[in-house]
Amino acid sequence: MQRHSFLLTSAMLLAAMTFTARPSISQEATSAWQANPDLVEKLTKQRREFNYVESKVPTYTLPNPLVTRGGDLIRSPKEWNERRRGELLELFREQVYGRRPDTEYSLRFEQTAETTRAFDGAATGREIKAIFEIDDRTFSFPFVVFVPNNASGPTPAVIHINNRYFVPLATAVEKPDPFWPVETFIERGYATASFHTSHVDPDKKDGYPDGIRSFFADGKPPEDTAWRSLSAWGWAASRVLDHLQTIDSIDASRVAVSGHSRGGKTSLWAACEDERFAIAYSNNSGCGGAALSRRAYGETVERITTSFPHWFCKPFSDYAGRENDLPVDQHEVVALIAPRGVYVASADEDLWADPKGEYASLVAAAPVFGLLGKDAIETATMPPLGQQRIKGQTGYHIRAGGHGLGELDWDFFLDFADTLLK
Ligand code: GTR
């Protein structure tokens, strides 16, 4: 190292001098992300009942994903698959997201619109209706799929869970949308599909009668531990995947699921329940998503289960103010997706979603990836703002700006997908 420093060329010296002459930039480029103290102060003043101060995060011990309920240490992939993964999945079903029904149903797909020349002929787009039948009752929701026209073989795909709105085929073709940038996917060699969460299960406290959960329960009210909206939306992503499996130009073993915020909570859980998903993307998912519940930083279990009682099953609300008693924490959602890919993204100003807790969760799952013979991010300190960190099966970035999902996030997401799916 020492000797190399003598070999600096004049150009490098100049670059180094320019670098030190602009300390704020050099700091931004090299030091681990930390919450902006001014923002912490501002948010603390605005919402006194929530904690934004790092030093006030309660002390906690995370449950070890590699220790069974009975206290046994899991030592091999076989033990993980046979003794631990199922147990952990059940705990999340019972305590957090609820259990999906096992009622039999039939499903068919009906094409309602098509364009074979989207984006100057680069893609074929189709609007599809998923139609479910139980006895003589039916339920349906629409989704839109695009596949590249000029790929040399089956392509990977991304299913985006859209928690904001439905983007019909015609709109997707005519109006670029950074929340679901279809043309970007096509240019980068990916197929993509998307649906709107509320078409599956209305995203409101009293929406139950009109959603898929009520359809499955034949109108009966949900049991305390039955699935709630997040799980229902994730289930819908699996049904879209059922459709992608029927398309020859898509390689269904290389399909990622993505979502923002409540959609990000959903995509993580979708990939826990359905091992066909090759990658889960969580964007600004926060509480009940990637962020550790025990940190109680920003949004808490109490707040989320009162504001959005339809997202989580009833038992989760019992941990309001007593997160330490949870038999699980959110790093174990990441662990359940191992050895597949998991990518977590945060935003600098989105302290409500607890970027530090989102990152910590990813890192705390690394031992499970390790046990399964895969690399994952283990570095405890966060990367600098705007810089992507990828190691093996996991990736992370924290972007400048607030709660949202845009082109920069997607570029990073697809860079990660390129490493695992291409
Ligand atoms: C917020 C909620 C978050 C997050 C977000 C969103 O109001 O507190 O948990 O899900 O909504 O989905 O945009």
Side-chain angles (χ1 to χ4, degrees), residues 35 39 43-44 46-52 92 96-98 160-167 177-180 194-207 211 227-234 236-237 257-271 280-313 316-317 319-321 323 326 329-330 333-334 344-361 398-399 401-406 409-410:
L39 181 61
L43 292 173
T44 304
Q46 276 173 6
R47 308 177 102 170
R48 294 230 171 255
E49 68 275 38
F50 299 105
N51 178 42
Y52 291 99
F92 276 102
V96 185
Y97 302 104
H160 185 48
I161 297 164
N162 196 325
N163 59 300
R164 290 190 172 164
Y165 35 69
F166 179 58
V167 185
D177 180 352
F179 197 72
W180 182 42
S194 189
F195 64 94
H196 178 40
T197 46
S198 279
H199 281 160
V200 177
D201 209 48
D203 192 3
K204 48 185 186 178
K205 285 180 190 174
D206 55 358
W227 59 339
R228 292 299 191 271
S229 295
L230 297 178
S231 184
W233 302 333
V257 59
S258 63
H260 163 67
S261 206
R262 63 199 75 188
K265 306 180 210 292
T266 303
S267 64
L268 290 171
W269 181 240
Y281 287 104
S282 142
N283 191 71
N284 307 177
S285 66
C287 185
L292 294 172
S293 301
R294 279 169 173 74
R295 278 174 51 84
Y297 183 106
E299 189 168 31
T300 58
V301 171
E302 177 171 14
R303 164 71 188 218
I304 203 166
T305 53
T306 42
S307 302
F308 307 103
H310 57 295
W311 286 0
F312 300 93
C313 67
F316 194 47
S317 63
Y319 297 98
E323 285 83 353
L326 271 163
D329 210 321
Q330 297 305 111
V333 163
V334 179
V344 172
S346 309
D348 182 36
E349 291 162 25
D350 187 14
L351 300 189
W352 183 242
D354 186 15
K356 239 188 178 48
E358 294 185 311
Y359 181 75
S361 170
I398 177 160
R399 155 185 65 69
H403 193 66
L405 171 64
D409 301 302
W410 284 117

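All of these numbers come straight from a predicted model, not from anything done at the bench. Both ligands and their constituent atoms are indexed starting at 1 by order of listing.
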Chemist: Any N/O of Trp311 closer than 3.5 Å to an N/O of ligand 1?
Modeler: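 There is no such contact.
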Chemist: Is the shortest distance from a heavy atom of Arg303 to ligand 1 less than 4.0 Å?
Modeler: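 Not so, Arg303 does not reach ligand 1.
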Chemist: Indicate yes or no: does an N/O atom of His260 lie under 3.5 Å from an N/O atom of ligand 1?
Modeler: no
Chemist: Return yes or no for this condition: an N or O of Ser285 is under 3.5 Å from an N or O of ligand 1.
Modeler: no
Chemist: Would you say that Trp410 contacts Asn283 through its side chain, given a criterion of any heavy-atom pair below 4.5 Å between the two side chains?
Modeler: no
Chemist: For Ile304, counting its heavy atoms only, list the atoms of ligand 1 lying under 4.0 Å from any of them.
Modeler: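 Near Ile304, the atoms of ligand 1 are 9 (O).
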Chemist: Tell me whether Lys265 reaches ligand 1 (any heavy atom closer than 4.0 angstrom to a ligand atom).
Modeler: yes
Chemist: Can the ring centroids of His260 and His403 be said to lie less than 6.0 angstrom from one another?
Modeler: yes
Chemist: Below 30° counts as parallel, above 60° as perpendicular, anything between as tilted: where do the rings of Phe50 and Trp352 land?
Modeler: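 Perpendicular: the ring planes of Phe50 and Trp352 meet at over 60°.
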Chemist: Any side-chain to backbone donor/acceptor pair from Arg47 onto Tyr52? Under 3.5 Å, distance only.
Modeler: no
Chemist: Are any side-chain N or O atoms of Lys265 and backbone N or O atoms of Cys287, one a donor and one an acceptor, separated by less than 3.5 Å?
Modeler: yes
Chemist: Indicate the ring-plane relationship of His310 and Trp233, choosing parallel, tilted or perpendicular according to the 30° and 60° boundaries.
Modeler: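 Geometry flag for Trp233 against His310: perpendicular rings.
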Chemist: Would you mind running through ligand 1 and noting each atom that sits below 4.0 Å from a heavy atom of Arg262?
Modeler: 5 (C), 6 (C), 10 (O), 11 (O), 12 (O), 13 (O)
Chemist: Tell me the protein heavy atom at minimum distance from atom 7 (O) of ligand 1, and give that distance in Å.
Modeler: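 Of every protein heavy atom, Phe308 CZ, 3.6 Å lies nearest to atom 7 (O) of ligand 1.
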Chemist: Counting only heavy atoms, which portion of Glu299 has something under 4.0 Å from ligand 1: side chain, backbone, both, or neither?
Modeler: side chain
Chemist: Using a 3.5 Å distance criterion without hydrogens, assess whether the side chain of Ser229 forms a donor-acceptor pair with backbone atoms of Asp203.
Modeler: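 No, the answer is negative, given that no donor and acceptor are paired below the 3.5 Å cut-off.
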Chemist: Identify, for atom 10 (O) of ligand 1, the protein heavy atom at the shortest distance, and state residue, atom and that distance.
Modeler: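 Protein heavy atom with the smallest distance to atom 10 (O) of ligand 1: Ser261 OG, 3.1 Å.
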Chemist: Enumerate the atoms of ligand 1 whose separation from the nearest heavy atom of Trp352 is less than 4.0 angstrom.
Modeler: 2 (C), 8 (O)
Chemist: Taking the six-membered ring for Trp, are Phe316 and Trp311 closer than 6.0 Å centroid to centroid?
Modeler: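 Not under 6.0 Å, so no.
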